A.B. asks: 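Once you've had a glance at the structure underneath, I'll fire off some questions.
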Number of protein chains: 2
Amino acid sequence: MSPHLERLKAAGYKLTKARSTILHVIEAAGGHVTSAEVLEKVAALNPSIGRASVFRTLDLLTRLVIIRPTYPGGSTTPGYVLMPGGHHHHIICMVCNRIIEFDDCGLEGMAAALEERLHVRLEGHLLEFYGRCDRCRELPLPGSEA
Amino acid sequence: MSPHLERLKAAGYKLTKARSTILHVIEAAGGHVTSAEVLEKVAALNPSIGRASVFRTLDLLTRLVIIRPTYPGGSTTPGYVLMPGGHHHHIICMVCNRIIEFDDCGLEGMAAALEERLHVRLEGHLLEFYGRCDRCRELPLPGSEA
DNA sequence: AGCGAAAATGAGACACTGTATCATTATAAG
DNA sequence: CTTATAATGATACAGTGTCTCATTTTCGCT
């Protein structure tokens, strides 16, 4: 069983067909999906799962910091990223919308310092850099020509 | 004139009534707004500005890394944060959805290292921590009781 | 195993956010 | 002032995400 499903159970939620299917779809996609992709692939795997459950589950996974919504491009449909261990880091190319993931380090120290200074309890973080990837770095920003 | 408007002009975009009104609304709100709030406040200031222009401008400001969409709560309407200097850092309380901003440091070094290692050009970043604020740290996550 | 309380589901109607089109207007350069 | 061109506003539209509620499923307990 996926460790994410175990976290669901540990948090007191029931393990259902819908939830395991949805989580499987996200994991099979490599951790980067849009809600539209999840809807489509879940329907392909099991047409009896309703839309409402998909959105409810995305909400639930977000609250548990198992996934987190992010915006590849402008104000369109959000994407979701898996946050293994509660954190994730990537670069979004603002020209071609490609996502480049990278491993990170130093933020655990920053998190601990913030917890102490601000008296908060932190469970995860998402770090996004915006820029232009190696293939697009010489091109103008999209919209500059518009 | 707001430095953000100057950046628009420097990037080759025209300075229009709609754009300056929308940017003014975001700045007056302290840098944290939802699209619904922008629509409402812009309509109050100048009813002749159409919805389409508001969304178009939010897209444009996002591409220029002047603002950046983020999700305070679950998968509902996105919020937008002003990114002064192209970067922003905050903590989102997952119980009460309060946003706690904090100043940051070390990431410029990480950005420079990534630019060299991955041959990318970075223009901004957003760092979000998820957790529970000082007022909510003893409470369960929302939905745990559901 | 089987029972039962309670959570979770699926169906479908609904509200709303965001998009596309296109004629009209405003910007800014010369 | 003139003119090319970007940007606008209105409207209709598409799609995402929400809500309700009867029905089903999970899972602790015996």
Side-chain angles (χ1 to χ4, degrees), chain A residues 1 5-6 8-23 33-43 45-64 67 69-80 140-146, chain B residues 1 5-6 8-23 33-43 45-64 67 69-80 140-146:
Chain A
M1 183 168 64
L5 278 180
E6 307 215 21
L8 266 190
K9 179 163 192 172
Y13 295 97
K14 294 181 176 175
L15 301 187
T16 67
K17 196 81 180 170
R19 285 174 178 164
S20 69
T21 302
I22 292 160
L23 204 35
V33 285
T34 63
S35 50
E37 285 168 7
V38 177
L39 284 170
E40 180 189 348
K41 291 179 182 173
V42 165
L45 283 175
N46 185 344
S48 73
I49 295 176
R51 291 178 201 284
S53 291
V54 173
F55 287 112
R56 273 187 296 234
T57 300
L58 291 174
D59 277 1
L60 178 60
L61 296 175
T62 298
R63 283 199 308 261
L64 294 176
I67 61 174
T70 179
Y71 269 113
S75 62
T76 27
T77 299
Y80 292 88
L141 280 177
S144 293
E145 77 288 351
Chain B
M1 183 167 64
L5 279 180
E6 308 214 21
L8 267 189
K9 180 162 191 172
Y13 295 97
K14 293 182 178 174
L15 301 187
T16 68
K17 195 83 178 169
R19 285 173 178 165
S20 69
T21 302
I22 292 161
L23 204 36
V33 286
T34 63
S35 51
E37 286 168 5
V38 176
L39 284 170
E40 182 189 347
K41 291 179 182 174
V42 164
L45 282 175
N46 186 343
S48 74
I49 295 176
R51 291 178 202 285
S53 290
V54 173
F55 287 111
R56 273 186 296 233
T57 300
L58 290 175
D59 277 1
L60 178 59
L61 295 175
T62 298
R63 283 199 309 261
L64 294 177
I67 61 174
T70 180
Y71 267 113
S75 64
T76 27
T77 299
Y80 291 89
L141 279 179
S144 294
E145 75 288 351

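Model, not experiment: these values are computed from the prediction. Chain identifiers are assigned alphabetically (A, B, ...) following the order of the sequence lines, protein sequences preceding nucleic acid strands; residue numbering begins at 1 within each chain.
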A.B. asks: Output the rounded distance in Å from CG (A:Leu61) to P (D:dG17).
C.D. replies: 14 Å
A.B. asks: What N/O pairs connect the protein and nucleotides 10-16 of chain D at under 3.5 Å? Give each pair on its own line.
C.D. replies:
none

A.B. asks: Could you pull out the closest heavy-atom pair between B:Ser53 and B:Ile22, with the gap in Å?
C.D. replies: O-CD1, 3.8 Å
A.B. asks: Report each atom pair, protein N/O against N/O of nucleotides 26-30 of chain D, whose distance is under 3.5 angstrom.
C.D. replies:
residue : atom : partner : partner atom : Å
D:dT26  : O2   : A:Lys14 : NZ           : 2.9
D:dC27  : OP1  : A:Leu15 : N            : 2.9

A.B. asks: Could you work out how much the helix from C:dA1-D:dT30 to C:dG30-D:dC1 bends, comparing the axis of its first five pairs with that of its last five, to 10°?
C.D. replies: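 The value is 60°.
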A.B. asks: Got B:Leu61 and B:Tyr80 here, is their nearest side-chain heavy-atom distance under 4.5 Å?
C.D. replies: no
A.B. asks: Distance check needed: C:dA7 P versus A:Asp59 CG, whole Å only.
C.D. replies: 18 Å
A.B. asks: What are the two closest non-hydrogen atoms of A:Ile49 and A:Ala18, and how far apart are they?
C.D. replies: CD1-CA, 3.8 Å
A.B. asks: Mind checking whether A:Thr16 and A:Thr57 have side chains closer than 4.5 Å, heavy atoms only?
C.D. replies: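 With C-beta onward as the side chain, the pair stays apart.
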A.B. asks: Which atoms form the tightest heavy-atom contact between B:Arg19 and B:Lys14, and what is the distance?
C.D. replies: NH1-O, 2.8 Å
A.B. asks: Can you name the nearest heavy-atom pair linking A:Leu15 to A:Leu5, along with the distance?
C.D. replies: CD2-O, 3.5 Å
